[in-house]
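Remarks on the structure that follows.
Residue numbers start from 1 in every chain, and the chains themselves are labelled A, B, ... in the order their sequence lines are given, proteins ahead of strands.
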Amino acid sequence: MPEFAEVEFYRKQWNPGLGRRVRSVQVHRESRVFRACAVRRLVRQLTGATLISSAAAAKQMLFRFRRGRWLGVHLGMSGELRVEPAGYTPQKHDHLVLAQRGRCLVFADPRMFGRIQFATGRTPPAWWTCLAPPILSGAFTAEEVAAFLRRRGRTPIKAVLLMQERFPGVGNWMADEILWRAAIHPCRLAGSLTAVEVHSIWRECRQVCRQALATIAGRGDHVPPALNAHIPDTWLFNHRWEDGGRCPRTGARLMRAEVGGRTTCWSPARQRS
DNA sequence: CCAATTGTTATTTA
DNA sequence: ATAAATAACAATTG
């Protein structure tokens with residue numbers, strides 16, 4: 001489920017634990033989510049550690065603990081972070097629980113495509129620092145986007161938008177939202193776009209990221225009561241899975257088909273092949 | 001039983 | 001050799 005802004009939403013869920021010590025760590029040891037992680041070491045090192053700060057980038061989260069301990073979380077398809085009362089008993093899909101004095105910080109993921117990572121050191125680990133420059137940073141330029149689309153010229157634009165090495169945090173629904181706003185058909189080959197269309201892609205990437213962040217993740221420390229509760233009906237998002245759904249701008253029927261290996265939704269009236 | 005799911009990666013194909 | 005397409009991963013739901 002979670003893409004860019006949803007990841008930020010989940011990051012904030014653990015905010016009540018900031019500045020607090022972890023008294024004990026519970027793990028579902030053999031779970032796949034620990035495939036890139038030395039679990040015993042994680043348990044040993046995080047027990048007694050104090051959570052200092054956290055950050056989200058792309059679809060990745062980083063939690064920093066005192067004395068150079070770093071916890072990485074990727075939510076995969078079905079992961080979530082939440083807070084439970086002290087004394088909480090982990091359920092079937094809870095793979096990692098950090099118990100603090102007044103609460104438990106829980107990572108759950110039924111499908112287990114998610115990933116937990118752990119590292120120690122003075123500086124953030126490589127899997128964090130090597131992420132592509134954020135779409136909302138100055139390093140995400142129209143020129144870089146144009147060059148990338150040229151290099152992937154024979155690939156449908158929908159599939160290109162899902163490539164994390166250039167569009168960090170963009171997932172299936174965001175890619176569809178961007179193409180719908182830019183009025184570009186998802187099957188168009190990346191190399192066939194005009195300069196104006198390439199520029200629209202760049203602009204709408206930033207626009208969708210910015211608006212999604214404000215709407216889904218909230219502003220400052222404020223977090224919306226539920227994930228995706230306040231997404232306006234003027235977005236494609238709220239119509240893409242409805243059977244017989246209609247384009248909020250043209251009123252025409254939406255189409256659905258597999259493009260670039262993912263179910264894709266578009267408005268034929270706006271997005272011409 | 002079959003098909004579906006908002007992600008990533010290894011393997012196969014072109 | 002590179003890039004694109006496909007399969008696989010796992011659990012749950014309709």
Side-chain angles (χ1 to χ4, degrees), chain A residues 1-11 28-37 56-61 72-81 90-95 107-117 127-128 130-132 135 147-181 186-192 205 208-209 211-213 215-217 224 226-231 235-243 245 254 256-266:
Chain A
M1 184 199 274
E3 304 176 19
F4 178 68
E6 291 150 327
V7 173
E8 174 66 1
F9 171 89
Y10 282 119
R11 179 191 71 80
H28 207 269
R29 279 218 56 193
E30 62 291 349
S31 162
R32 240 183 82 81
V33 302
F34 293 112
R35 62 198 176 281
C37 175
K59 295 171 187 170
Q60 182 80 46
M61 286 173 277
V73 181
H74 191 298
L75 298 171
M77 287 275 257
S78 56
E80 62 169 23
L81 298 187
Q91 306 298 298
K92 186 178 176 188
H93 301 303
D94 300 335
H95 305 289
F107 164 68
D109 182 8
R111 284 176 73 181
M112 296 191 284
F113 289 174
R115 185 173 58 223
I116 296 287
Q117 284 163 294
W127 43 258
W128 174 260
C130 75
L131 292 171
I135 289 176
F148 190 77
L149 264 51
R150 268 197 304 278
R151 254 198 335 278
R152 304 295 174 151
R154 301 289 307 161
T155 308
I157 184 63
K158 165 65 186 274
V160 173
L161 285 174
L162 294 174
M163 294 178 177
Q164 299 299 296
E165 72 257 38
R166 181 49 62 194
F167 302 99
V170 173
N172 204 28
W173 78 254
M174 285 181 77
D176 286 358
E177 190 76 35
I178 290 162
L179 290 172
W180 174 72
R181 295 184 188 205
C187 292
R188 295 273 304 283
L189 298 188
S192 78
C205 278
V208 169
C209 280
Q211 291 179 13
L213 216 46
T215 317
I216 296 169
L227 185 65
N228 298 338
H230 303 309
I231 296 185
W235 293 29
L236 178 65
F237 184 93
N238 281 342
H239 311 273
R240 50 179 286 117
W241 295 123
E242 293 169 20
D243 271 326
L254 295 170
R256 243 181 280 164
E258 187 165 303
V259 181
R262 316 292 302 185
T263 298
T264 297
C265 177
W266 73 96

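- For the pair Glu80(A) CD and dT12(C) P, the computed distance is 13 Å after rounding to whole Å.
- One finds a side-chain N or O of Arg152(A) lying less than 4.0 angstrom from the OP1 or OP2 phosphate oxygen of dA4(C).
- Of the candidates dA10(C), dT6(B), dT8(B), dT6(B) carries the atom nearest the Trp241(A) side chain, counting heavy atoms from C-beta on.
- Stacking between Phe113(A) and the base of dC9(C) is present: ring centres sit under 5.5 Å apart and the planes differ by under 30 degrees.
- Counting non-hydrogen atoms of neighbouring residues, nucleotides and ligands closer than 6.0 angstrom, the CZ atom of Arg256(A) exceeds 12 such neighbours.
- dT5(B) atom C1' lies 10 Å from atom CG of Asn172(A), rounded to whole Å.
- Computed from coordinates, the Gln91(A) CD to dA11(C) P distance equals 17 Å when rounded to whole Å.
- Straight-line distance from the CZ atom of Arg256(A) to the P atom of dA4(B): 11 Å, rounded to whole Å.
- In terms of phosphate contacts, Thr263(A) brings a side-chain nitrogen or oxygen within less than 4.0 Å of OP1 or OP2 of dT5(B).
- DNA chain B is contacted by Gln164(A) of residues 157-167 of chain A, taking any non-hydrogen atom closer than 4.0 Å.
- Helical stems in DNA chain B, defined as runs of 3 or more consecutive Watson-Crick or G-U wobble pairs with donor-acceptor distances under 3.5 Å: B:2-5 with C:11-14, B:7-14 with C:2-9.
- Between Phe167(A) and Phe148(A), the ring-plane angle classifies as perpendicular under the 30° and 60° cut-offs.
- Arg111(A) has its CZ atom 13 Å from the P atom of dC9(C), to the nearest Å.
- In this structure, Cys265(A) and Leu236(A) approach most closely via the heavy-atom pair O-CD2, 4.0 Å.
- Here dA5(C) is the nucleotide among dA5(C), dA10(C), dT6(B) with the atom lying nearest to any side-chain atom of Thr155(A).
- Side-chain atoms of Val7(A) and Met61(A), non-hydrogen and from C-beta on, do get closer than 4.5 Å to each other.
- With Trp235(A) as the aromatic partner, Arg240(A) does not meet the cation-pi criteria of under 6.0 angstrom to the ring centre and within 45 degrees of the ring axis.
- Looking at Arg262(A), its side chain comes within 3.5 Å of the base of dG7(B) through a donor and an acceptor atom.
- Put simply, the side chain of Glu177(A) never gets that close to the backbone of Cys205(A): no donor and acceptor are under 3.5 Å apart.
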Taking only nitrogen or oxygen atoms into account, show me every contact under 3.5 Å that the protein makes with nucleotides 12-14 of chain B, one pair per line with its distance.
none

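- The side chain of Arg115(A) sits closest to dT9(B) out of dT9(B), dA4(C), dT6(B).
- Listed pair His93(A) / dT12(C) meets the phosphate criterion, a side-chain N or O lying under 4.0 Å from OP1 or OP2.
- On the P atoms, dA8(C) is 16 Å away from dC2(B), given to the nearest whole Å.
- Using a 4.0 Å cut-off, some side-chain N or O of His74(A) falls inside it from OP1 or OP2 of dT8(B).
- Under the 4.5 Å side-chain criterion, counting only non-hydrogen atoms from C-beta, Arg115(A) is in contact with Gln60(A).
- If you measure from atom CE of Met112(A) to atom C1' of dT12(C), you get 12 Å, rounded to the nearest angstrom.
- In this structure a side-chain-to-backbone donor-acceptor pair under 3.5 Å is missing from Glu258(A) to Thr264(A).
- With values rounded to the nearest 0.5 angstrom, Thr155(A) atom OG1 is found 7.5 Å from Leu189(A) atom CG.
- Inter-residue side-chain proximity for Ile135(A) and Phe4(A) is flagged as unmet; no heavy-atom pair is nearer than 4.5 Å.
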